[in-house]
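As structure tokens, the structure follows; a few thoughts come after it.
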Amino acid sequence: MTDYLFDGLTAPQREAVAHIDGPLLVLAGPGSGKTRVVTHRIANMLRNGVYSSQIVALTFTNKAAEEMRSRVERLNPDSTVWVSTFHRFCARLLRAYSNLVGLEPNYTIYDTSDSIQILKRSLQKEEISTSHATPEKIAKAISWAKNNMILPERYEANSANAISSIVRDVYPEYQRQLRAANAVDFDDMLMLVAQMLQENPELRAALDERFRYILVDEYQDTNLVQYLLVRSLSQQYPNLGVTGDPDQSIYGWRGANLNNILGFEKDFEHVKVVRLEQNFRSTPNILTVADHLIEHNKRRKKKSLFTERPAGQPVRLLTYTNSHEESHAIATRIATQVAQGKRRPRDFAIFYRVNALSRSYEEALRQQGIPYMIVSGVEFYQRKEIKDVLAYAMLINNPRDDVAFTRVVNTPTRGIGKSTILKLQVHALDHGISMMDAAREAGMIDSLNKRAAVAVAKFVALFDRISLKINEPVEDILGAVLTETGYRAQYENSDDEEDVSRLENIDELLSSAREFDYQHPEDGTLERYLEDKALVNETDQFDTELDRVTMMTLHAAKGLEFPWVFMVAIEEGLLPHERSKDSDAQLEEERRLMFVGITRAQEELELSTANQRDFRGRRMMTVPSKFLFELPREEMDFQAALGRYTPPTQDWEDVHEIPEDDFDQTCESGDFSEDVPSVPDSLPSKMLMTAADMVKGPGSARPKLNPDKFHQSMAVLHPTYGLGKIVSMSGEGAKRTATVQFVTGEQKKFVLAFSELRPASTS
DNA sequence: CGTGTGCAAGTTTTT
DNA sequence: CTTGCACACG
């Protein structure tokens, strides 16, 4: 007998699909068919009598939610299973129970930049000096607190940390201003719902009953608030099914807590654990490389990945003399493959650690005439013209929204300048009213001169006129904004290329509004539309259908797969990133990042480094990443692209012994550790110097002895002999020498002050 | 009040 | 090399 829900599945997959009641932990390695298991499991639950209205599946991204929803619907056409992102799920609950946390149902969702505006205002109001902290850093610290469920009144400053005392002072005011504007930031959405559930046991119990079956995707990326949320909804009905992979946790810096998944079995009784270890994506070569690398992490659950796929090409590690050569070689390689008809542009992806690296690959691809797309963080909805138009809509929906008010009151310019806005703001704060209400009283504000008061009054009249349309289709509302305010007119008669593109973007916004109206004939309220816009991200629209080479950061690559992957610039300071090296927890996260990158590749994987890299307008010598020394040499093909670098042929593991460390400490400290006033950041240049530089000092201007940079059994790199390891050292100061055993078999002695020896990795 | 120029700083960023 | 922001000027 065949059963479409179970056929073609492996034994562990079936086990997970068959599980209905009780907590379930699915440890799903990369490419192990996780989404398939989850969707089939939902189908099996429905088949066994669970009502679809009792199931909610939570994801992090819209893309993941969309993918899961469509696959669930394909299996169960009539299902009404709620598949949603955490934030959207909370947005709805917040809408329904807004009064419990001091909000109106038409509350506004502020994005990061809006939140920072409110924060700046709060800092001003509290007269806090920010000389040693940027608003962004303070915002990060507040976000950290919220993700850890620390309410303003319970926040405690850490004396060793300057930022934390600022946070202690400003966080309550920031929160007051958000509430005054009837607004929330992204973190509030989760925190307020968690708080609501904590403070209202009967509501918690009711929702626990309503959402009897909860599924969470990418559980390794959950933070404390999300953990509390799903836990509190799984008390009477502990049917919580989570999937995730500790080895793919790469959002620790955003508050994700690896303990959630590592401790799941302790949090619930009778947890069913299923390990999906068979990989259906990559060749054994690729998998072995990934496996060897991740073995170096201590904080993980051991998995043994395997595949039945046939062996493919060995994974290659290429070392180029400089970054230009690297990008050029990659572009040429792609061009050749495409020209020979072996591959199409969309088969290739280039992954890098930081966005700033994309340019050189972009240029090289353009030179070769290869179509490419960059999946980047610059979002459509962050563009000025889009934010302006949406701010009008937000203000119509929620007139208390002071950020929107400030944004549009003089856009396009109508004679309401900085000082007028400031006076309105002061008046609003003094009287505990919104800026819009202050504007309505403009005539009575003494500090405003007649001309300003008239201009403000005219704006209020304009606003009221447009507001009448609040219940019309969204496209009409936006259309009215564009014409009545003169916003469109200001760009219309311009030859400026930028203005033309702005108009195009505005048209795109209008057509998205039209689409929304069409999709929501019943519930197409402005409120709903704005919620939609607040919670989407441009990369959600990332189109895999286009026949283009994909370029993105390693973070963006998670969840994707490509036949041929290039991972570039695998160098100390970039991967692992310079700022991730103070703790082992961070270092392990960097390693996971590399693991994620490697496991995206289906057939071909090419890792590369360049001895010299042009970055931020500077040319620097580089050091290959320590991670490269953790890969299985015998399985790989090491090619020094132009003969400068030879592969390691001996065991390097002892070279990079990682000291035992207290992970919990570093793991939980969040963003605070890096905010401690630190020594001047001289590491990058030091790290990138040759031995001669180090002993003499940069530019030889100020002789500086630094023999300590080298030590016994350290991995070093020499331009002619390649990679080696220091077997012994002798002498002092400028005469200090090192005996190096090279992987070529040669042994050489160097006077450090004159040698071109440099560290091959920092340990 | 709007625009231009100088200067400092620059990981990653699901919502 | 970019990019964002603060400040000065017209």
Side-chain angles (χ1 to χ4, degrees), chain A residues 58-66 84-91 109-116 120 134-137 139-140 143 146-147 184-190 217-218 220-223 225-226 248-256 351-360 363 375-379 381-382 384 410-421 451-452 455 531-540 542 552-559 569 573-581 586 589-590 592-594 596-597 614-619 671 674 681 684:
Chain A
L58 299 174
T59 65
F60 281 84
T61 65
N62 292 299
K63 196 169 72 182
E66 207 42 61
S84 165
T85 63
F86 269 101
H87 288 264
R88 221 172 265 268
F89 177 74
C90 290
I109 300 167
Y110 280 161
D111 68 17
T112 314
S113 58
D114 296 333
S115 309
I116 284 176
K120 283 182 181 163
T134 61
E136 285 72 23
K137 286 209 167 131
K140 249 178 125 181
S143 170
K146 289 183 173 183
N147 287 158
V184 298
D185 61 23
F186 284 138
D187 303 312
D188 274 341
M189 301 177 71
L190 306 178
D217 194 29
E218 306 278 16
Q220 77 281 353
D221 288 335
T222 51
N223 58 33
V225 179
Q226 287 156 335
Q248 292 183 65
S249 163
I250 54 177
Y251 285 102
W253 51 275
R254 255 190 136 257
F351 300 154
Y352 34 79
R353 176 65 233 262
V354 297
N355 279 310
L357 283 168
S358 69
R359 182 166 295 264
S360 59
E363 275 165 12
V375 179
S376 91
V378 190
E379 292 158 32
Y381 293 101
Q382 290 297 335
K384 181 188 181 305
N410 198 34
T411 320
T413 55
R414 44 176 79 92
I416 302 173
K418 231 191 212 152
S419 67
T420 306
I421 295 174
R451 203 181 56 189
E531 177 191 305
D532 257 42
K533 294 300 148 201
L535 300 180
V536 298
N537 176 302
E538 196 184 11
T539 48
D540 294 338
F542 162 57
M552 59 173 98
T553 63
L554 286 163
H555 282 90
K558 192 164 78 161
L574 283 168
L575 184 69
H577 193 273
E578 192 55 41
R579 297 212 189 169
S580 303
K581 295 209 293 198
Q586 287 182 19
E589 181 153 313
E590 295 288 303
R592 291 194 290 269
L593 201 48
M594 177 144 175
V596 166
D614 294 340
F615 186 54
R616 287 193 193 143
R618 302 173 62 95
R619 177 158 296 180
D671 294 315
E674 69 183 52
D681 202 5

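The model shown is predicted, which means the values in this text are computed figures rather than measured ones. In what follows, chains are A, B, ... by sequence order, proteins preceding strands, each numbered from 1. Values below: all heavy atoms of this structure, side chains included; hydrogens, waters and symmetry mates excluded.
For B:dT15, the OP1/OP2 oxygens have a side-chain nitrogen or oxygen of A:Asn62 closer than 4.0 Å. Put simply, A:Thr553 has a side-chain N or O that comes within less than 4.0 Å of OP1 or OP2 on B:dT13. Between A:Thr413 and the phosphate of B:dG2, there is a side-chain N or O to OP1/OP2 separation shorter than 4.0 Å. Between B:dT14 and A:Asn223, no contact under 4.0 Å exists linking OP1 or OP2 to a side-chain N or O. Applying the 4.0 Å criterion to OP1 and OP2 of B:dT13, one finds that A:Asn355 has a side-chain N or O inside that range. Contact check, A:Arg616 against B:dT11: a side-chain N or O comes under 4.0 Å of OP1 or OP2.
Among A:Arg592, A:Lys558, A:Arg254, the single residue meeting the salt bridge (Lys or Arg N to Asp or Glu O under 4.0 Å) criterion with A:Asp221 is A:Lys558.
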Item checked: salt bridge (Lys or Arg N to Asp or Glu O under 4.0 Å) evaluation trace for A:Glu66 with A:Lys63 -> CA-CA 5 Å; A:Glu66 207 42 61; A:Lys63 196 169 72 182; over 6 Å; no

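Rounded to an integer number of Å, the gap from A:Lys63 NZ to B:dT13 P is 12 Å. As rounded to whole Å, 14 Å separates atom C1' of C:dA6 from atom CD of A:Glu136. Distance A:Asp221 CG to B:dT12 C1': 12 Å, rounded to the nearest Å. The NZ-C1' distance, from A:Lys418 to B:dT3, rounds to 12 Å in whole Å. Straight-line distance from the CG atom of A:Leu357 to the P atom of C:dC1: 16 Å, rounded to whole Å. Spacing between atom NZ of A:Lys140 and atom P of B:dG10 amounts to 11 Å, rounded to whole angstrom units. Distance CD (A:Gln248) to C1' (B:dT14): 14 Å, rounded to an integer number of Å. At whole-Å resolution of the value, CD in A:Glu66 and C1' in B:dT14 are 15 Å apart.
A:Ile416 comes within 4.0 angstrom of the backbone, heavy atoms only, and of no base. Among the atoms of the strands shown, only primed sugar atoms or phosphate atoms (P, OP1, OP2) are found under 4.0 Å from some heavy atom of A:Ser419. Residue A:Asp187 is classed as having no contact, given no heavy-atom separation below 4.0 Å to the nucleic acid. A:Arg88 comes within 4.0 angstrom of nothing in the nucleic acid, heavy atoms only.
Proximity note for A:Arg579 (side chain, C-beta onward) versus B:dT11, B:dT13, B:dT15: the nearest is B:dT11. With B:dT15, B:dT14, C:dT2 as the choices, the nucleotide that has an atom nearest any side-chain atom of A:Tyr251 turns out to be B:dT14. Each of C:dT2, B:dT14, B:dT11 was ranked by its minimum atom distance to the side chain of A:Arg359; first place goes to C:dT2.
Only the P atoms considered, C:dG4 is 16 Å distant from B:dT13, to the nearest whole Å.
Counting distance only, with no hydrogens placed and no angle test, the side-chain atoms of A:Arg254 and the base atoms of B:dT15 include a donor-acceptor pair under 3.5 Å.
With centroids closer than 5.5 Å and planes inclined by less than 30 degrees as the test, A:His87 and the base of B:dT15 fail to qualify as a stacked pair. Applying the 5.5 angstrom centroid cut-off and the 30 degree plane-angle cut-off, the aromatic ring of A:Trp253 is stacked upon the base of B:dT12.
Ring orientation note: the planes of A:Phe60 and A:Phe86 are tilted relative to one another, at an angle of 30° to 60°. Ring-plane geometry between A:Tyr251 and A:His555 is classed as tilted, the angle between the planes lying from 30 to 60 degrees on a 0 to 90 degree scale.
Comparing A:Gly415 and A:Thr112 by the nucleotide of DNA chain B that holds the closest heavy atom to each, the one mapping nearer the 5' end is A:Gly415. Take the nearest nucleotide of DNA chain B for A:Leu593 and for A:Phe186: the residue whose nucleotide is more 5' is A:Leu593.
Of all non-hydrogen atoms in A:Pro576 and A:Glu590, the two that sit nearest each other are CA-OE1, 3.4 Å.
At a cut-off of 3.5 Å, with distance as the only test, no side-chain donor of A:Thr553 or A:Asn355 sits close to an acceptor on the other residue.
Inter-residue side-chain proximity for A:Tyr352 and A:Leu554 is flagged as unmet; no heavy-atom pair is nearer than 4.5 Å.
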